[in-house]
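We name chains A, B, ... by the order of the sequence lines, and we start the count at 1 in each one. Here the structure is a predicted model, which is why all the values come from computation and not from measurement.
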Amino acid sequence: MKLYNSRTRSVEAFEPLRSGEVRIYVCGMTPSAQAHLGHARSFLFFDVLRRYLKHRGYRVNYVQNVTDIDDRSINAAKATGGYYHDIVDGYYAEFKASMRKLGVLEYDHEPYATNFIEPIQAMIRELIEGGHAYVTQDGIYYRVATFANYGKLANRNIDELESGARIEIDEHKEDPLDFALWKFAKPGEPRWPFEPYGEGRPGWHIECSAMSRALLDPDGHGFDIHGGGADLIFPHHENEIAQSEPLMARPPMANFWVHGGLLLFENRKMAKSIGNFEPLSQLLERHDPQAIRWLFLQTGYRKVMNFTEDSIGAAAIGLARIKAAYRNLTPATDGEPIPSPELDRRMEAALDDDVNTAAALAVLYDVVNNSTPSREDLAYWLGILGVPPNDSWLEEPSAQLAPDFIPKILHELNKLGFVIFAMPPTAEATIEKLIELRNEARLKKNWSASDKLRDALQRCGVELKDSKEGTTWSVTVSP
RNA sequence: GGCGACGUAGCCAAGUGGUAAGGCAGGGCUCUGCAAAAGCCCCAUUCGGCAGUUCGAAUCUGCCCGUCGCCUCCA
């Protein structure tokens with residue numbers, strides 16, 4: 001398959017470094033605030049990539065870290081008097097619940113930065129020994145000038161970066177570009193001992209270098225894919241490379257660097273830092289998680305995407321068509337290969353092309369419109385995309401009857417002047433009774449009465465369908 | 001100021017040299033007493049603008065216009 005590599009800025013044939021195994025490290029959450037849809041887009045993409053690599057026959061070792069120590073959670077703890085890690089745990093639990101709803105596979109490793117203090121410190125020591133880091137009065141810093149390739153990933157040169165006015169000025173640093181590997185603790189801050197330098201906590205970038213090395217690449221020969229949102233390219237991933245590669249036997253740190261396009265909300269970046277977002281958990285209460293995934297699958301993963309509320313509705317309707325087709329398909333016969341060669345060929349052609357999920361969806365629509373794959377065949381590919389059919393797909397779309405259905409329908413019938421004797425006790429039986437009455441009217445060709453009954457039910461959220469087999473009802477689905 | 005991405009139908013969007021996928025919306029039809037549901041069909045002579053390269057350009061080059069992102073914590 002082909003995959004876009006940010007490191008070379010081109011689409012390249014993907015081959016794992018070790019035969020049969022793909023090692024992926026994706027920069028995960030900093031749970032010091034709620035996750036938003038932008039996070040979901042990024043992690044949903046890597047979920048599809050994993051699933052597809054597995055389809056391709058690779059063993060996938062997927063690591064997604066948790067930055068469970070950062071300034072914001074510490075400050076939040078200071079402000080509320082709480083314990084910083086309780087804040088982190090709360091947000092992370094919420095994030096994980098959302099990921100489960102979205103059908104994201106469990107990660108193979110889910111390392112917390114604070115569980116890797118030792119490897120982080122070992123790495124900092126090596127960097128100091130190699131002259132790549134130095135100690136100041138408030139922390140230990142990486143000496144950017146010692147790494148010749150600094151800026152290569154982000155396509156920036158050091159002079160340009162230096163001339164930018166937006167770099168923080170710190171009199172203790174040798175160079176404005178130098179960044180913290182270790183921050184000495186101020187009173188009341190969480191701290192870990194680090195002899196002989198001083199108690200403190202790791203900087204943000206070092207954890208990814210140390211944890212990817214510990215979990216994926218102890219030999220220093222590099223791993224396959226390092227991923228994250230496009231906003232991480234600079235400085236985060238640039239700094240990771242600077243930290244890792246001088247210590248490696250055989251750079252580069254990652255063979256492929258893969259970055260997901262950012263999600264915009266009202267044409268501005270969706271980010272907690274500027275408050276331009278809605279919490280993911282809240283959005284998931286309003287929308288079908290599979291529809292959200294479907295929406296993202298319709299757009300190339302590297303493209304900037306502007307999110308609108310309407311777009312989820314359109315995606316949900318499109319998905320509903322696939323669901324309807326799935327319902328109408330027949331199960332595979334014995335011995336029928338899953339996936340079938342034809343669909344396999346077409347889907348792989350789409351997904352081999354830098355995970356072109358939009359083209360893959362077009363294949364599915366085309367297949368469903370023009371042929372009759374087996375249910376399992378369609379389900380297989382929906383599964384690769386992370387939208388596996390579940391039992392509810394086999395049912396007509398349904399919603400819950402309003403709790404006040406009986407009083408509402410009685411009121412409607414009253415207005416129309418219907419008098420019903422012996423009204424059944426449950427809503428369901430009431431509906432059946434009214435269908436019976438309506439069908440009696442229809443037999444007598446009393447269309448006006450029958451339509452009034454149907455309309456009354458419609459106003460109470462119940463939709464009738466007449467077919468040759470009789471009349472069925474369902475609760476109106478509001479998308 | 002530097003670096004980069006994007007601009008394709010009413011909306012979303014695939015397509016990076018060979019003559020415009022797909023979805024939503026819209027229109028028509030089948031079925032039906034009428035509906036609903038489902039299905040079928042139609043829906044860009046054209047890809048932000050202007051030049052250029054080419055037998056051939058949405059795709060390559062140049063300039064211009066517009067939107068956004070990164071350069072600071074960020075998926």
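- Between A:R438 and A:D451, none of the side-chain N atoms (NZ, or NE/NH1/NH2) sits under 4.0 Å from a carboxylate O, so this pair counts as no salt bridge.
- Ion pair A:R23/A:D108 not flagged as a salt bridge, since none of the NZ, NE, NH1 or NH2 atoms sits closer than 4.0 Å to an Asp/Glu carboxylate oxygen.
- Remark: A:K186 does not engage A:D138 in a salt bridge, criterion side-chain N to carboxylate O under 4.0 Å.
- Among the heavy atoms of the strands lying under 4.0 Å from A:N356 are primed sugar atoms or P, OP1, OP2 only; no base atom is included.
- Here A:M270 lies in heavy-atom contact (under 4.0 Å) with a base.
- Side-chain atoms of A:R438 lie closest to B:G33 of the nucleotides B:G2, B:C73, B:G33.
- The residue A:L264 sits close only to the backbone: its heavy atoms come under 4.0 Å of sugar-phosphate atoms, none of a base.
- Salt bridge status for A:E106 with A:K96: present, with a side-chain N to carboxylate O gap under 4.0 Å.
- Residue-to-nucleotide contacts include no donor-acceptor pair under 3.5 Å from the side chain of A:N328 to the base of B:G39.
- Residue A:N267 is in sugar-phosphate contact alone, with no base atom involved, counting any heavy-atom pair closer than 4.0 Å across all strands shown.
- As judged by a 4.0 angstrom heavy-atom cut-off over every strand, A:H36 is placed among the base-contacting residues.
- Contacts of A:S311 with the nucleic acid, taken as non-hydrogen atoms under 4.0 Å apart, are absent.
- At a cut-off of 3.5 angstrom, the base of B:C68 holds no donor-acceptor pair with the side chain of A:R268.
- Considering only side-chain atoms of A:D466, the nucleotide from B:A75, B:C34, B:A21 that sits closest is B:C34.
- Nucleic acid contact for A:G300: sugar-phosphate only, since backbone atoms but no base atoms lie under 4.0 Å from a heavy atom of the residue.
- Among the protein residues, A:T308 comes within range of no part of the nucleic acid, since none of its heavy atoms lies under 4.0 Å from any strand.
- Using a 4.0 Å cut-off on heavy atoms, none of the residues of residues 105-113 of chain A approach RNA chain B.
- Residue A:G228 is in sugar-phosphate contact alone, with no base atom involved, counting any heavy-atom pair closer than 4.0 Å across all strands shown.
- For B:G7, the paired base is B:C65 (Watson-Crick or G-U wobble, both distances below 3.5 Å).
- At the heavy-atom level, A:R302 lies nowhere under 4.0 Å from the strands shown.
- The side chain of A:N155 approaches B:C3 more closely than any other nucleotide in the set B:C3, B:C6, B:G69.
- Among the atoms of the strands shown, only primed sugar atoms or phosphate atoms (P, OP1, OP2) are found under 4.0 Å from some heavy atom of A:N369.
- A:A314 meets the side-chain contact (heavy atoms from CB on, under 4.5 Å) test with no other residue; sequence neighbours excluded.
- Classification of A:E189 and A:R201 as a salt-bridged pair holds, one side-chain N sitting under 4.0 Å from a carboxylate O.
- Taking the charged nitrogens against the carboxylate oxygens, A:E238 and A:K152 have no contact shorter than 4.0 Å, which rules out a salt bridge.
- With A:S6 as the fixed residue, the side-chain hydrogen bond (donor to acceptor under 3.5 Å, both in side chains) test singles out one of A:H259, A:H226, A:R302: A:H259.
- For A:D71 against B:C73, no side-chain N or O and base N or O form a donor-acceptor pair under 3.5 Å.
- Across all strands shown, A:L263 has heavy atoms under 4.0 Å from base atoms, whether or not it also approaches the sugar-phosphate.
- Within 4.0 Å of A:A362, counting heavy atoms only, lies at least one base atom of the nucleic acid.
- Within 4.0 Å of A:R41, counting heavy atoms only, lies no atom of the nucleic acid at all.
- Across B:A36, B:C34, B:A75, the shortest atom-to-atom separation from the side chain of A:T30 is found for B:A75.
- Nearest-nucleotide assignment on RNA chain B puts the 5′-proximal partner with A:A315, out of A:A315 and A:D451.
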